[in-house]
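Okay, so here's the structure we're looking at.
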Amino acid sequence: GEEADYKFVLMQKKLRGEREEYREDAINKLQASLSESYKLFHEDISGLYNTEAGLRALETAFDEDFCDNLKVLDGTKQPDMSNLPIHPDICLKLNEFEIMLWALQTQPAY
């Protein structure tokens with residue numbers, strides 16, 4: 001009876017006082033916006049392979065040319081780099097430089 005009516009009235013007051021961004025239509029708009037953003041991100045990520053096609057072709061051509069040049073230079077002696085001084089700051093960060101270089105080499109579109 002009366003207690004159920006009170007709870008119903010109280011619930012109605014709370015719903016009328018609900019913040020705009022918590023209302024169903026606002027949540028649906030946010031969901032649509034986020035879905036569209038996700039779709040665009042997904043398309044961008046999916047398109048990266050096609051974007052890098054030209055870069056992969058250039059890399060393949062470079063590798064082939066480089067290998068041809070190495071065949072010609074087969075008898076040459078590599079320089080001795082074991083005595084080259086390396087700055088101590090670089091020595092401390094060498095692992096990070098290697099990771100960064102690997103990332104840059106393997107992900108040319110980024």
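In this chain, numbering begins with 1 at the start of the sequence shown.
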Measuring from atom [atom1] of [X] to atom [atom2] of [Y], what distance do you get when rounded to the nearest 0.5 angstrom?
X      : Y     : atom1 : atom2 : value
Asn28  : Glu24 : CG    : CD    : 5.5 Å
Leu92  : Ile86 : CG    : CD1   : 11.5 Å
Glu52  : Leu58 : CD    : CG    : 12.0 Å
Tyr22  : Leu30 : OH    : CG    : 12.0 Å
Met100 : Phe97 : CE    : CZ    : 6.0 Å
Leu10  : Lys7  : CG    : NZ    : 9.5 Å

[X] atom [atom1], over 12 foreign heavy atoms within 6.0 Å:
X      : atom1 : answer
Glu43  : CD    : yes
Leu101 : CG    : yes
Glu21  : CD    : yes

task: Let me see the working for Glu59 and Leu55 under side chain to side chain contact (heavy atoms under 4.5 Å, CB included), right down to the final yes or no.
output: CA-CA 6 Å; Glu59 185 179 33; Leu55 294 171; over 6 Å; no
message: Run the side chain to side chain donor-acceptor pair (under 3.5 Å) test against Gln31 and tell me which residues pass, sequence neighbours left out.
response: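 Scan of Gln31 (side chain to side chain donor-acceptor pair (under 3.5 Å), adjacent residues dropped) gives none.
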message: Any non-hydrogen side-chain atom of Lys93 less than 4.5 Å from a side-chain atom of Asp89?
response: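 With C-beta onward as the side chain, the pair stays apart.
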message: Any heavy-atom pair between the side chains of Arg56 and Tyr49 that's under 4.5 Å?
response: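 The answer is yes; the side chains approach within 4.5 Å.
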message: Just to verify, what does Glu64 make a salt bridge (Lys or Arg N to Asp or Glu O under 4.0 Å) with, not counting sequence neighbours?
response: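 With neighbours one apart ignored, the set is empty.
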field: Residues in ring pair (Phe, Tyr, Trp, His ring centres under 6.0 Å) contact with Phe62, at least two apart in sequence or another chain
entry: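 Phe62 satisfies ring pair (Phe, Tyr, Trp, His ring centres under 6.0 Å) with Phe66 only.
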query: Do you know which two heavy atoms are closest between Arg23 and Arg16, and how far apart they sit?
result: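 The pair with the smallest heavy-atom distance is NH2-O, 3.1 Å.
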- request: Treat each ILVMFWY residue as a node, draw an edge where side-chain heavy atoms are under 4.5 Å apart, and state whether Leu15 and Phe8 are in one component.
  value: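 Yes, one cluster joins them.
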Polar side-chain atom of Thr51 near backbone of Gly47 as donor-acceptor pair, under 3.5 Å: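 Judged by distance alone, yes, a pair lies under 3.5 Å.
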